[in-house]
Amino acid sequence: MDPTPPLIQAALAAAANAPGYPLTHGTPPLREAVAHWFARRRGVPDLDPDGVLPTIGSKELVAWLPTLLGLGAGDVVVHPEVAYPTYDVGARLAGATPLPADGTLQVGPSTGRVRLVWVNSPGNPTGKVLGVGHLRKMVGWARSIGAVLVSDECYAELGWDGVRVPSLLDPEVCGGSHEGLLVVYSTSKQSNLAGYRAAFAAGDPVLVRRLLEVRKHAGMIVPWPIQEALRVALGDDEHVAEQRARYAVRREIVAAALVRAGFEIDHSEAGLYLWATLREPCWDTVARFADRGVLVAPGEFYGAAGARHVRVALTATDERIGRLADRLADLPE
Ligand SMILES: Cc1ncc(COP(=O)(O)O)c(C=O)c1O
């Protein structure tokens, strides 16, 4: 993991005097900064700052969103088939039913009332990017059944090989209305801020108001020094470009080592992971890596459809990444 950029550390230090309670909705300058960031970086020119909500990292929002929206028994939460596990956890915390499904066809009338649909683009663990057409279809479907559609886009700045990573809130995707839509975003990856818990949700101001009502009273408040650090981080594109360049180099090295060792790499067009397979059960591949001192995640951990893949992270140090090719030299024996 690389260090938190000095500019952001300085913003945190400058905001160290914080005797009062912070605004749960976030300071107006922070919400403006998020709206400007969407306009500058995500092709969303019309985000209403009232539709912005800072969150204590994005994981807590993923885990608690079904509960905050009042979902419960009999309600269904749809999430990607191969997915970050917290979508499933969140449905269960609310007493709702998680349903792994990538397409609308898998969701029949007998599955219960679908009230929340998650998409994750670029995806963890697969690195798959959903295009404008796919997202537009999801918007139409969610609106037709009255479900809230949420897109977790925390790897959006890490698209590779020129891939376009459209936001759910892009007018081309949502037709210019954010009604019923939210984007979840985190600076953990692009700004090396995982330890700050600095993230936000954005989209429909009506939904944000509903979340705010509960969060205010439940103490789910982002500390003001972190709001300041987040505001400054979102205003600076340079450190993100630098971090992205570091990952690009690591990605080339790891991908070449994997291909040389006989792996196929699927999707992985964006994000911090390579989704790789030796066409064998994932635990056998995990063991091969472990024997060589390398930790990878078993695909099965993200859903049954991942049972023959492993997720190889690009977050190791340059030195460890540099040694990877040597370590894999005798694979797949
Ligand atoms: C898809 C996805 N969503 C959300 C998160 C949570 O990020 P954070 O809680 O650090 O903002 C992660 C972290 O790995 C992730 O991969």
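We're numbering straight along the sequence, starting at 1. Numbering of ligands and ligand atoms starts at 1, following listing order.
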**Request:** Run through ligand 1 for me and note each protein residue having a heavy atom under 4.0 Å from it, chain first, then residue number.
**Result:**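 G57, S58, K59, Y84, Y87, N120, N124, D152, C154, Y155, S186, S188, K189, R197.
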**Prompt:** Taking only residues at least two apart or on different chains, which pairs with a member in residues 176-186 satisfy salt bridge (Lys or Arg N to Asp or Glu O under 4.0 Å)?
**Reply:**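 Passing the test, one end in residues 176-186: no pairs.
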For [X] and [Y], take the angle between the two ring planes, folded into 0 to 90°, and tell me which bin it lands in: parallel under 30, tilted 30 to 60, perpendicular over 60.
X    : Y    : value
W37  : F200 : perpendicular
Y302 : W275 : perpendicular
Y155 : Y273 : perpendicular

**Message:** Whether R308 and E280 form a salt bridge (side-chain N of Lys/Arg under 4.0 Å from carboxylate O of Asp/Glu) is what I want to check.
**Reply:**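 Salt bridge flag = no for R308 with E280.
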**Asked** Between R42 and E157, is there a side-chain N and carboxylate O pair less than 4.0 Å apart?
**Response**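 No, R42 and E157 are not salt-bridged.
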